[in-house]
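Below is one structure; the comments refer to it alone.
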Protein chains: 4
Amino acid sequence: MSGNTFGKLFTLTTFGESHGPALGAIVDGCPPGLPLCEEDLQRDLDRRKPGQSRYTTQRREADQVRILSGVFDGVTTGTPIGLLIENTDQKSKDYSNIARQFRPAHADYTYQKKYGVRDYRGGGRSSARETAMRVAAGAIAKKVLAAQCGVEIYGYLAQLGPIAAEQFDRQQIEQNPFFCPDAGKVAELESYMAALGKAGDSIGARINVVATGVPVGLGEPVFDRLDADIAHALMGINAVKGVEVGDGFAVVEQKGSEHRDEITRDGFLSNHAGGVLGGISSGQAITASIALKPTSSLRIPGRSIDMDGNEIEVITTGRHDPCVGIRAVPIAEAMLALTLVDHLLRHRGQCGG
Amino acid sequence: MSGNTFGKLFTLTTFGESHGPALGAIVDGCPPGLPLCEEDLQRDLDRRKPGQSRYTTQRREADQVRILSGVFDGVTTGTPIGLLIENTDQKSKDYSNIARQFRPAHADYTYQKKYGVRDYRGGGRSSARETAMRVAAGAIAKKVLAAQCGVEIYGYLAQLGPIAAEQFDRQQIEQNPFFCPDAGKVAELESYMAALGKAGDSIGARINVVATGVPVGLGEPVFDRLDADIAHALMGINAVKGVEVGDGFAVVEQKGSEHRDEITRDGFLSNHAGGVLGGISSGQAITASIALKPTSSLRIPGRSIDMDGNEIEVITTGRHDPCVGIRAVPIAEAMLALTLVDHLLRHRGQCGG
Amino acid sequence: MSGNTFGKLFTLTTFGESHGPALGAIVDGCPPGLPLCEEDLQRDLDRRKPGQSRYTTQRREADQVRILSGVFDGVTTGTPIGLLIENTDQKSKDYSNIARQFRPAHADYTYQKKYGVRDYRGGGRSSARETAMRVAAGAIAKKVLAAQCGVEIYGYLAQLGPIAAEQFDRQQIEQNPFFCPDAGKVAELESYMAALGKAGDSIGARINVVATGVPVGLGEPVFDRLDADIAHALMGINAVKGVEVGDGFAVVEQKGSEHRDEITRDGFLSNHAGGVLGGISSGQAITASIALKPTSSLRIPGRSIDMDGNEIEVITTGRHDPCVGIRAVPIAEAMLALTLVDHLLRHRGQCGG
Amino acid sequence: MSGNTFGKLFTLTTFGESHGPALGAIVDGCPPGLPLCEEDLQRDLDRRKPGQSRYTTQRREADQVRILSGVFDGVTTGTPIGLLIENTDQKSKDYSNIARQFRPAHADYTYQKKYGVRDYRGGGRSSARETAMRVAAGAIAKKVLAAQCGVEIYGYLAQLGPIAAEQFDRQQIEQNPFFCPDAGKVAELESYMAALGKAGDSIGARINVVATGVPVGLGEPVFDRLDADIAHALMGINAVKGVEVGDGFAVVEQKGSEHRDEITRDGFLSNHAGGVLGGISSGQAITASIALKPTSSLRIPGRSIDMDGNEIEVITTGRHDPCVGIRAVPIAEAMLALTLVDHLLRHRGQCGG
């Protein structure tokens, strides 16, 4: 398993550079008999798509996904599902200025050092554009989980820079371009982002993601614990620097008597654990939280070097998200869905559950 | 790849229950020609061993590891290394009271629901005792990394409940039973732990772990990014609820102009990224931090149910660590070492580096 | 990893049904810096292509492969290589007669029973058409092997039904549509095939495949022995029922004194082993042989049942290869190349070789 | 996964050298709730054990296996099963003469070249002794298959040198030390082996292995086809040079009208396919056949070189099997069982079957 495959039984393998001819993916191991069409995938792709608001990249990506195999007469056949998005927005732009630069906080430096060569156009493989395929595959995973167990997955913006959501109204999440569950914060978010954009700077964010209806028993200790695999999935999203399950870092200051989720005949009395005990789902909601670093493309000049080792000043022109975290909501949902469905199949393999 | 194997080229597979006859492991893929003896493993095992201080479990575990294969004439041969620790402290204790109980915040409930059967003695497979084998294997990984690249790995206690280390003196870490780099906090930690022990309660902790000398280029985007695999490794340690790389959750409130690590001819000017850019090591120190929940075994009664669904009150007698976090230091080091050596081999496979 | 991924470090994942919109593949783990263009792949695709002679399927498959990622400025970048062949020959043919039939010796019955649903058009995923992607990926593997170690791979028809090649002239292989190294047998092969075609019957074949220049040391005992993985690769080709390495089944009647390859200062004196000792390449030529069953699509009626369990008589109209074995030559080469390159990277990972 | 792990969901990982302190294994992914004890494993170990007859090695191996984990109160718990056999027969023999020799047809040369170091005592890791752990694990696999699907697996000697079994009486197989189903050949086998032993030479063999009761649907095309994985499993046994499924190499001369297994309401009319169609089990008996090369340890001198490149004459003293093929019967059964149980779990994961 090279690095571009995710999962063990329900696997996603992706390819594609930001400015190459196309992005594509193969979803293998999808159970047969699931109704599936392109529209099912397009919905989440559109939620991830840049240019949705003034606050995310204006680059136009049609992101029209095609299903090339694995579906026949409207249902999955158990064979691999090929997905393709042609890149329609490949401008013959002049990249000569960034071709030999290492932009700070970007992957330019490490890709060059690792491979000795890189597709520098728009970040190549390290571009967030790559995540489109994760979202498409995640939509399939969500459908399997919903059909087989009634699992529901949603994510939202919990904090953007200094602004934290204080109210939680799930209905609000899709009503604003920030995926913010607190309608009262939307105006504040808008003006904060506008100021950032004007300053040419960017900001970090915290995204929460939740799965309800997850059956008890998913997770394969001691290494492929469900929480460990969720951490792998979420930390693998571009710009993520931290992952929490349940109470996360708050546990550092918790006492055992406070943290433990007591159980009664009617179920657990709390969910500090975030739905995972001993690396296995408990039947409670899975809750996770991630921290995304601020976008690295800034109009504020930064110090760096070029491929010859000369010191340079880097400045990023063009439009960029001042907060990559916002668009991470559907991506985080997708990665959680992919993790859960893979564990569902693994558990069923061993235990017949 | 069932759940008890870690890694892809340098793999660790473990077995063993807390109160079974033995713990064991197979380390496969270790490069040949490395000098290795049991003493190399025993050093870290002894650091992890309970009963090292008044503040960790008093259970006596001899933890004498034997190397059963893969080493000949004092060097590794490239064949799998078999490791074994016989459990010498298997008391024929009476477990009948916990056999049918689900202790809150333990894995009793989820193991029972997942497998339909469990070895309830001392937590069975979900016991922290299982991590002894990770530490033994991690010592091998550390030796490979040191020999091949000069990598050095160390961990320490950054915070225990309300007490955070404020000074960092690496020499102090091994001078106190808390792995605390701030000698000035040791007395405070001692009295805090004593009070907790008296109250029968427990507390969480934050552990930091660092790797220096890591070559640039390790990590296989887009899914097996180095940071994603570190997150998998660290979140897979018992009781861990959060993982950060570099600045971690602090990035939520950082601006891009503040977060980015600028580069000069002499290298990076800062290390907010924690040594990973685009999922690939940058050559800077790898820094990660984890949150460990408080020990679940408490003398303070808690509500739960038994296997028949009857509500019960659970109380844990016997001696237990009031803070499992402390002993996690060598475990976190081991998991980081195992992740890095696996990526070193993967990178070398593809790029010849 | 699900069933449509081959290899561990250099991986091939494929999708596509015979009569779906496209076939595709992702080659992951290809070393960076390798010059690569579509023409490199097309050459082997054209050798595999049906309709090359009167003796293979007349279906026109354009088989024009596109490289969609992983190559920049004419060289591989180390990122996954996306490949696509659009199916241009998708006739809106009437498949209603075979939709509910289980053709004897085809995969209709097992796909239906396994998945509960299948794309019956042209055999769907079980069609030999699927192997086009193996050939395309194999061409990349061949290039890596040639560039890094000077490995050369070729295959040929050793026997077709009762007609065995008796002379071996490597130059002849590509000079006739049978990949037969014995020019003196070509006329006989032609008339035999013509007679078979007239009778509506088919015939089996034996294909040999050889790799020269393979470095000593490839293979990971005890399970991923080089010969075991070659067997997996070759038995995984449609219609293959037997695999031999070196002397193969002839060893049953050999004495030890006759079989062993003695060694002198100048190297091995013979190659009964086929280039593999103890599961590891010895530096001699790797030699393997496979048996391919006769094509299952016949004009001679056969007994079977339909999906309702009714007994039916099946007859296959349309043009089909009377011998699938012939076209297996480039496929077998591809599978051998994919196996060797994967083992080259694995060996280099562990041993730095 | 490194080379010493077999399987994907039901995995076997082994360690151990011929003359090291112990052999061991970890079986991971075994379904919970299966009754299991050491006696279940010992039965097959005893069948494999050398010294069973005058015709196999006289070396005494106690081969007493211990189960160290994964079984509690007499049933499997779903956690990894640790197995251990201490090597009781480790003589402090003088190996100085073979330490620097490359015995022809042994793995000495390739291990040395691959790893740069090797445990030369008794062949180290390349010794057939390693297969004891496969047999132990295979016994667990057989129990799972029998319990869950009623699968039964048996193997037998089909041919030894020029002597082929002509009658098949399954009851006879375990009645003679050759696993020969044709009682009428036993005397001939005895005198043939005695003559060989006197001459210091050895001979090849053909072993057949059969699984009945295999449910339809096992196998994951297109790469992890059931037959491909069986080929991998069987070719991975020491000394195997050829693998056939169903009619094997006989298909080269078969016509399609002769090979195809026709189907009626009452099932298949023949089983040329060996129970696999399109890489998926058909519900018929799985039949496979393997060719084992003659033992490489001969008393007849052979030419070779030493580690310094000097030409030497090699002669093997001590007692050795004149035919390793005989003892391969339980090993082949074990590898087939391990393959089938892994595919059973994989199929159940995806299809819920």
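These numbers were taken from a predicted model, which means no experiment stands behind them. Naming convention: chains lettered A, B, ... in sequence-line order (proteins, then strands); numbering from 1 in each chain.
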Asp119(C) versus Thr79(A): any side-chain heavy-atom pair under 4.5 Å? no

Is the shortest side-chain heavy-atom distance between Leu68(C) and Leu84(A) below 4.5 Å? yes

What part of [X] gets closer than 4.5 Å to chain A, counting heavy atoms only: side chain, backbone, both or neither?
X	value
Phe72(C)	side chain
Tyr111(C)	side chain
Ile67(C)	backbone
Arg125(C)	side chain

Step through the shown structure and confirm whether more than 12 heavy atoms of other residues, nucleotides or ligands are within 6.0 Å of NZ on Lys113(C). no

Considering all heavy atoms, the nearest Pro80(A)-Asn4(C) contact: CD-ND2, 3.3 Å

Would you name the heavy atoms of Arg66(C) and Pro21(A) that are closest together and state the gap between them? NH2-CB, 4.3 Å

In terms of heavy-atom pairs under 4.5 Å with chain A, the winner among Gly29(C), Pro31(C), Ala25(C), Gly78(C) is Gly78(C)

Which residue out of Gly116(A), Gly124(A), Pro32(A) racks up the most heavy-atom pairs below 4.5 Å with chain C? Pro32(A)

Below 4.5 Å from any heavy atom of chain C, which atoms of Val27(A) appear? Answer side chain, backbone, both or neither. neither

Rounding to 0.5 Å, atoms OG (Ser2(A)) and CD1 (Ile26(C)) come to a distance of 11.5 Å

Could you give the distance from CG (Leu83(A)) to CZ (Phe15(C)), rounded to the nearest 0.5 Å? 8.0 Å

